[in-house]
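Data first, discussion second: the structure below is written as structure tokens.
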2 protein chains.
Amino acid sequence: MSNNDNLKLENQLCFRLYSLTKLMNRHYSPVLKKLGLTYSQYLVMLVLWENNTTTAAISVKALGEKLDLDSGTLSPLLKRLEKQALLSRLRNSKDERSVEIKLTTAGCQLKALASGIPAQMFSVTGMSLVELHTLNAQLDNLLASMNTR
Amino acid sequence: MSNNDNLKLENQLCFRLYSLTKLMNRHYSPVLKKLGLTYSQYLVMLVLWENNTTTAAISVKALGEKLDLDSGTLSPLLKRLEKQALLSRLRNSKDERSVEIKLTTAGCQLKALASGIPAQMFSVTGMSLVELHTLNAQLDNLLASMNTR
DNA sequence: TGAAATAAAATTGTGCACAACTTAAATGCG
DNA sequence: CGCATTTAAGTTGTGCACAATTTTATTTCA
């Protein structure tokens with residue numbers, strides 16, 4: 001590739017990632033709309049569903065670390081999910097700086113409605129399971145590299 | 001992978017793409033800030049720099065097709081770039097529905113300041129050129145699949 | 001102990017991305 | 001021709017993402 005081509009749109013990895021993320025979102029949106037969720041809200045619910053009870057709590061801070069999002073993004077998003085009665089937000093009495101997030105019963109129940117989404121989205125990719133795992137591993141490497149430079 | 005794991009965050013391709021796109025953006029932002037550009041504005045400039053003159057024009061429509069963005073995103077973004085005197089917006093006299101975008105002299109000149117960005121960002125990925133091309137090809141396949149389902 | 005430093009959320013402001021809609025212009029076709 | 005249809009931009013409203021700042025609580029350590 002000549003130096004003249006470095007700035008061509010078609011040669012940018014970042015543009016492919018950007019386009020794919022938008023395209024992924026467009027495939028998820030109509031499916032998630034049936035659950036009343038946006039894509040980002042779905043990611044939050046995925047974390048909460050991993051401890052699928054109304055008793056387990058996770059702080060906004062820990063949620064932010066898992067999802068790589070700050071309180072500026074999470075605070076209003078969590079308020080919207082609370083308004084939908086999918087989760088509760090409660091100050092930690094041991095440390096009043098922290099806010100603990102718990103699923104409500106409705107939030108727990110929503111998991112069942114989401115159970116078919118991963119398979120449905122996988123079929124949209126047109127990939128085999130092996131290809132998926134290979135790509136996941138490559139992207140993990142790239143994430144690791146870019147997090148340390 | 002068991003069915004129980006389908007909804008785990010760590011198993012989602014979409015989350016990797018989402019995280020990578022955000023991470024990519026964070027690497028670009030401080031670099032682009034020196035040019036007074038956001039990441040999306042940079043993508044628009046990449047398209048315009050491919051015909052690096054003040055005479056070539058591209059319609060908002062064509063720009064939207066290249067970048068996969070609609071007028072709701074592009075109209076305000078292009079106004080901001082016009083305010084920065086990097087481009088001009090002019091109704092097409094042959095078809096008054098269309099608005100034609102042209103680089104200004106300053107817009108053309110900015111390309112030189114951006115010339116080192118692709119190499120700089122490539123180094124952040126930690127990949128070899130072969131790895132980059134392989135990944136680009138895989139992502140192109142994925143984009144093609146997801147655009148037809 | 002108590003002032004300085006650190007930490008967690010929330011708030012404010014900017015700029016996307018996109019759905020839904022409006023406006024104005026061009027096209028098509030009976 | 002004339003009217004319905006289509007097309008291109010722009011507008012409005014919602015929800016992120018994130019920088020910068022504020023508020024309140026906790027920790028540190030002289």
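For clarity, every value in this text was computed on a predicted model and none was experimentally measured. Labels below follow one simple rule: chain letters A, B, ... track the order of the sequence lines, proteins then strands, and each chain is numbered from 1.
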task = Report yes if at least one side-chain N or O of A:Lys61 is closer than 4.0 Å to OP1 or OP2 of C:dA8; otherwise report no.
result = yes
query = Can you tell which of D:dT26, C:dA9, D:dA9 lies closest to the side chain of B:Val99?
reply = D:dA9
remark   = In whole angstroms, the gap separating C1' of D:dT26 from CZ of A:Arg91 amounts to 13 Å
message = Quick check on C:dC16: is either OP1 or OP2 less than 4.0 Å from any side-chain nitrogen or oxygen of B:Thr38?
response = yes
ask   = Looking at A:Arg26, does any N or O in its side chain come under 4.0 Å of the phosphate oxygens OP1/OP2 on C:dC18?
value = yes
ask   = Between B:Ser98 and D:dT7, does any side-chain N or O lie under 4.0 Å from OP1 or OP2?
value = no
ask   = Taking atom CG of A:Leu13 and atom NE2 of B:His133, what is their separation to the nearest 0.5 Å?
value = 10.5 Å
Side-chain N,O (A:Ser75) to OP1/OP2 (C:dA10) below 4.0 Å = yes
query = Looking at A:Thr73, does any N or O in its side chain come under 4.0 Å of the phosphate oxygens OP1/OP2 on D:dA17?
reply = no
task = Using a heavy-atom cut-off of under 4.0 Å over every strand shown, decide if B:Leu77 touches base, sugar-phosphate, or nothing.
result = sugar-phosphate
ask   = Looking for any heavy atom pair under 4.0 Å, which part of the strands does B:Ser40 touch: base, sugar-phosphate only, or nothing?
value = sugar-phosphate
ask   = A:Arg26 and B:Asp68: salt bridge (charged side-chain N to carboxylate O under 4.0 Å, His left out), yes or no, with the steps?
value = CA-CA 12 Å; A:Arg26 284 180 214 152; B:Asp68 194 17; 2.9 Å; yes
ask   = Would you say a side-chain N or O of A:Arg80 is under 4.0 Å from OP1 or OP2 of D:dT14?
value = no
query = Hey, does A:Ser59 reach any base, or is it just sugar-phosphate, or nothing, if we go heavy atoms under 4.0 Å?
reply = sugar-phosphate
task = Look at B:Tyr18 and D:dA17 and indicate whether a side-chain polar atom (N or O) is within less than 4.0 Å of OP1 or OP2.
result = yes
remark   = Among C:dA26, D:dA9, C:dC16, the one nearest any side-chain atom of B:Val60 is D:dA9
inquiry  = Would you call the rings of B:Tyr42 and B:Tyr28 parallel, tilted or perpendicular, taking 30° and 60° as the class edges?
reply    = tilted
note = Winner on side-chain proximity to B:Lys79, out of D:dC18, C:dA9, D:dT11, is D:dT11
query = Counting side-chain heavy atoms from C-beta on, which of D:dA19, D:dT24, C:dA10 comes nearest to A:Arg97?
reply = D:dT24
query = Would you say B:Arg89 reaches D:dG10's phosphate, i.e. side-chain N/O to OP1/OP2 under 4.0 Å?
reply = yes
